[in-house]
Amino acid sequence: MGNNRQQSAPLYEALERIRRMRIVPFDVPGHKRGRGNPELAALLGERCVSLDVNSMKPLDNLCQPSSVILDAENLAAEAFGAAGCFFMVGGTTSAVQSMILSVCKEGDKIIVPRNVHKSVINSLVLCGAIPVYVNPETDKRLGIALGMEPHAVERAVKENPDAVAVLVNNPTYYGICSDLREIVRIAHANGMKALADEAHGTHFYFNDKLPVSAMEAGADMSAVSMHKSGGSLTQSSLLLLGPDTDADYVRQIINLTQTTSASYLLMSSLDISRRNLALHGEESFDKVIRMAQYAREEINELGDYYAYGKELVNGTSVYDFDVTKLSVFTRDIGLAGIEVYDILRDEYDIQIEFGDIGNILAYISIGDRLQDIERLVGALGDIKRLYKRDKTGMLADEYIVPEVAVAPKAAFYSPKETLPIRQTEGRICGEFVMCYPPGIPILAPGERITKDIIEYIEYAKKKGCSMQGTADIAVEHLNVLR
């Protein structure tokens, strides 16, 4: 890696040059460097609002970059070992959608694990592609979906030789990794593209103690959430390209949906964060690994909690594990993960990433300190002592294998009727139902509603999960196909 080149941040530097020039703005945004909105300037600071500028010649244009943005994207591609890179300002959702829309057209099949983020299924609603789901195994104790097994991918490929691509989560929200190299090999051997959702895998590119990254494994495209573990501002993301991907076509696809008013705050944060990772990523993530490992040991010492790690690796359904993820199984203290999440926030002023029905996830990153870890461990010890109860009657499985009856796009746009949730058994769902985070649909458009799924939704609601996706905000009714 050309570390000398990686020391520059061309977009950030251009932005600083513009700031120092004190140009008189007769362009948008209309707040005019904050003068027109003093409250906003007071909230964000003069420096921040003065950098919220419009695309102008010296600052390039994200829709068709030719100077400083292009240079910044090329440096990011080099840092991540990719053939090309696009800055994305609509979050990793827009990166995932652009990735899928670049390879799939109406009626094309794509092989995906069912435990995908909703952005993947949203993409299928948009383009009319047909999902071929590889249902992951679940860990019976933890109740979580595991990785895609190569033999299951091989079977899906053989049964659907006309599929155009295979998509893999690298890793899942909980840190589970599939055998990415082997899945890429299977896809390519059968003339299919290999895509990766790396929303939770930015750090894989900068530390060899972590699982293999998509670009290293030979994938054709990967959506990378720089704002999660990479340190950039929320909503900024990267779309990475392998050597056999047509970058000009992908840019046209991106421009179908991405804003023409890209935020320079978001883009410069990508530029600075890439430089930081390229120069200091290895030691930064060494520190994160050490802190997460320390937290796991301390939490497991408490008893009844299970902070899981590399011991889950079995070479198949858990090919590797991301040790920076602090995932903790809570059901043995008689509390759902979401209940522990609520207590941590309400009683201890600790905000974790998410809780579901059996687990919590605390996100450890380059910004954490050891004293914060100690505080989390102490709070979990308190919660066990004060709130532990009998776990009888708790639901075990996070993941229920759905039956796909109708393609997502057809179902989403079909005529529907609204029924109370209890009366929907056997009907075909016309909308999404999910707990967010993690944003993995319990039901997606086109899936058949079963008694198990209705019970799961009601249980998750009762425990306090934040439910999303439905027209009825209270999730007491569902839209089903007529």
Side-chain angles (χ1 to χ4, degrees), residues 1-13 71-85 87 92 169-177 180-181 196-219 222-233 236-242 268-297 309-310 313 319-327 353 361-373:
M1 185 185 292
N3 249 352
N4 290 345
R5 276 166 45 76
Q6 289 295 331
Q7 284 170 357
S8 77
L11 178 55
Y12 161 69
E13 288 153 13
D71 293 343
E73 288 180 335
N74 288 340
L75 282 170
E78 182 185 283
F80 281 81
C85 171
F87 281 7
T92 305
N169 294 319
N170 191 48
T172 69
Y173 221 143
Y174 301 92
I176 311 284
C177 294
L180 193 55
R181 277 200 175 95
D197 178 346
E198 288 191 305
H200 299 282
T202 310
H203 43 300
F204 289 5
Y205 288 87
F206 299 97
N207 194 296
D208 56 13
K209 300 181 184 73
L210 296 170
V212 69
S213 69
M215 289 297 116
E216 204 183 332
S222 168
V224 173
S225 271
M226 274 292 269
H227 70 96
K228 291 197 172 80
S229 59
S232 66
L233 287 175
S236 58
S237 182
L238 300 177
L239 179 56
L240 302 178
L241 273 52
S268 60
S269 83
L270 285 171
D271 200 20
I272 294 167
S273 302
R274 177 273 314 154
R275 176 169 69 180
N276 188 29
L277 292 177
L279 300 179
H280 312 294
E282 189 174 2
E283 65 259 37
S284 294
F285 292 123
D286 273 347
K287 178 187 152 196
V288 174
I289 291 167
R290 281 197 307 274
M291 280 197 298
Q293 191 52 41
Y294 171 72
R296 257 191 293 282
E297 288 164 8
K310 280 268 196 190
V313 172
Y319 183 76
D320 206 346
F321 185 81
D322 173 9
V323 291
T324 72
K325 296 281 185 295
L326 183 56
S327 303
E353 176 68 9
L361 174 69
Y363 215 92
I364 313 288
S365 83
I366 50 184
D368 281 305
R369 302 167 306 173
L370 210 51
Q371 61 259 44
D372 299 327
I373 303 269

Heavy-atom closest contact (F204 atom, V212 atom, distance): CD2-O, 3.7 Å
Just to verify, what does A214 make a side-chain contact (heavy atoms from CB on, under 4.5 Å) with, not counting sequence neighbours? L180, A196, E198, Y205, A219, S222
Partners passing salt bridge (Lys or Arg N to Asp or Glu O under 4.0 Å) against E216 (at least two apart in sequence or in another chain): R181
Taking side-chain contact (heavy atoms from CB on, under 4.5 Å) as the definition, give me every residue that meets it alongside S269, ordered by chain and number, with sequence neighbours left out. S232, L233, S236
Has R274 got a side-chain atom pairing as donor or acceptor with M226's backbone, closer than 3.5 angstrom? no
Listed by chain and number, what are the side-chain contact (heavy atoms from CB on, under 4.5 Å) partners of S229, not counting sequence neighbours? T202, H203, Y363
For Y174, which residues count as a ring-ring contact (aromatic ring centres under 6.0 Å, His included) partner, sequence neighbours excluded? F354
How would you list, by chain and number, every residue that makes a side chain to side chain donor-acceptor pair (under 3.5 Å) with S225, sequence neighbours excluded? T92, K228
Among residues at least two apart in sequence or on other chains, which ones pass side chain to side chain donor-acceptor pair (under 3.5 Å) with D71? none
With no hydrogens and no angle check, is any side-chain donor or acceptor of E78 less than 3.5 Å from a backbone partner on N74? no
Flag side-chain contact, heavy atom, 4.5 Å: H280 against I366: no
Can you find a pair of side-chain heavy atoms, one from I364 and one from I373, that are under 4.5 Å apart? yes
Give every residue pair that meets the salt bridge (charged side-chain N to carboxylate O under 4.0 Å, His left out) criterion with at least one member in residues 283-295, sequence neighbours excluded. K209-D286
Residues in side-chain contact (heavy atoms from CB on, under 4.5 Å) contact with L279, at least two apart in sequence or another chain: N3, Q6, Q7, R275
Any side-chain to backbone donor/acceptor pair from S8 onto P10? Under 3.5 Å, distance only. no
Residues in salt bridge (Lys or Arg N to Asp or Glu O under 4.0 Å) with D197, at least two apart? none
Expected output: side-chain S237 to main-chain V224 donor-acceptor under 3.5 Å: yes
Those residues at least two apart in sequence (or on a different chain) that pass salt bridge (Lys or Arg N to Asp or Glu O under 4.0 Å) with D320 are K310
Taken in chain and number order and not counting sequence neighbours, the residues that satisfy side chain to side chain donor-acceptor pair (under 3.5 Å) with Y319 are none
